[in-house]
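The structure presented is a predicted model; accordingly, all values stated were derived computationally and were not measured.
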Amino acid sequence: MNLTHARLLMWPGRLLTCLAGVAIALLLAGPALAQGSAGPREWRTPPPGDVLRGQALYESRCTACHAVDSNRVGPAHRGVMGRRVGSLPGYKYSEELARSRLRWTPQTLNTWLQDPEDLVAGQRMGFQVDDAQERADLIAYLATLR
């Protein structure tokens, strides 16, 4: 028997040892993998916002896609606070947003404006507001649209 033949005979044993190591690692990591890396969502209440600043931000950043009283590229915003996410009659939402069981609150709007995809994966809004105070100002303005 030559050296190459001897190595080939040892290969199944090494493979089993390697697979056993992977299996043990997966068993130990299983609970962490099952929970996901993010853990439970932390809902954050935005700081108090300035309604007038929020209105100015809305007019400069949001009106390209939204209007207060009519659907455009995005849905109308009047009455958004407290409304079920993805439920405004007459607007065609993404399936993901329409299936959502969330309601628009200061906390959900804060998360949405920070990163819409993080709140509802598969949604279609490609805009976010990075600044926490600007989000708070927009939310304060949206809350006035009853």
*N/O donor-acceptor pair under 3.5 Å between Y91 side chain and V73 backbone*: yes
*If you take all heavy atoms of Q107 and P46, which pair is closest and at what distance?*
N-CD, 4.4 Å
*asked:* Would you compute the distance between atom CE of M81 and atom CZ of R83 and round it to the nearest 0.5 angstrom?
replied: 10.5 Å
*What about L52 and V129, same hydrophobic cluster or not, with Ile/Leu/Val/Met/Phe/Trp/Tyr joined at side-chain heavy-atom distances under 4.5 Å?*
no
*Atom CH2 in W104, atom CD1 in I139: separation rounded to 0.5 Å?*
10.0 Å
*asked:* For E96, is there any backbone N or O sitting under 3.5 Å from a side-chain donor or acceptor partner on S100?
replied: no
*Please round to the nearest 0.5 Å and tell me the distance separating atom CG of D115 and atom CD of Q123.*
8.0 Å
*Closest approach of A67 to R72 (non-hydrogen atoms, all atoms of both residues)*: CB-CD, 3.5 Å
*Between T105 and T108, is a side-chain hydrogen bond (donor to acceptor under 3.5 Å, both in side chains) present by the stated rule, with each step listed?*
CA-CA 5 Å; T105 66; T108 54; 3.2 Å; yes
*asked:* On a heavy-atom basis, which atom in V68 and which in Y58 lie closest, and how many Å separate them?
replied: N-OH, 3.6 Å
*Start with the C-alpha gap between Q114 and Q128, add the side-chain angles, then the distance that decides, and say whether side-chain hydrogen bond (donor to acceptor under 3.5 Å, both in side chains) holds.*
CA-CA 5 Å; Q114 185 174 12; Q128 62 189 49; over 6 Å; no
*Roughly how far apart are Q55 CD and L142 CG, rounded to 0.5 Å?*
11.0 Å
*asked:* Side chains of L97 and V85, heavy atoms from C-beta outward: is any pair under 4.5 Å?
replied: yes
*asked:* If I compare all heavy atoms of L88 with all of P75, which pair ends up nearest, and what's the gap?
replied: CD2-CB, 3.9 Å
*asked:* Which heavy atom of L138 sits nearest to which heavy atom of C62, and what is that distance?
replied: CD2-SG, 4.1 Å
*What are the two closest heavy atoms between P48 and A136, and how far apart are they?*
O-CB, 4.1 Å
*Would you check if the side chain of R135 reaches a backbone N or O of P47 as a donor-acceptor pair within less than 3.5 Å?*
no
_Side-chain heavy-atom pair N110, W43 within 4.5 angstrom cut-off_ = no
*CZ/R44: more than 12 non-hydrogen atoms of other groups inside 6.0 Å*: no
*Working to the nearest 0.5 Å, report the span between CD of Q133 and CZ of R53.*
6.5 Å
*How many angstroms lie between atom CG of D137 and atom CG of L113, to the nearest 0.5 angstrom?*
11.5 Å
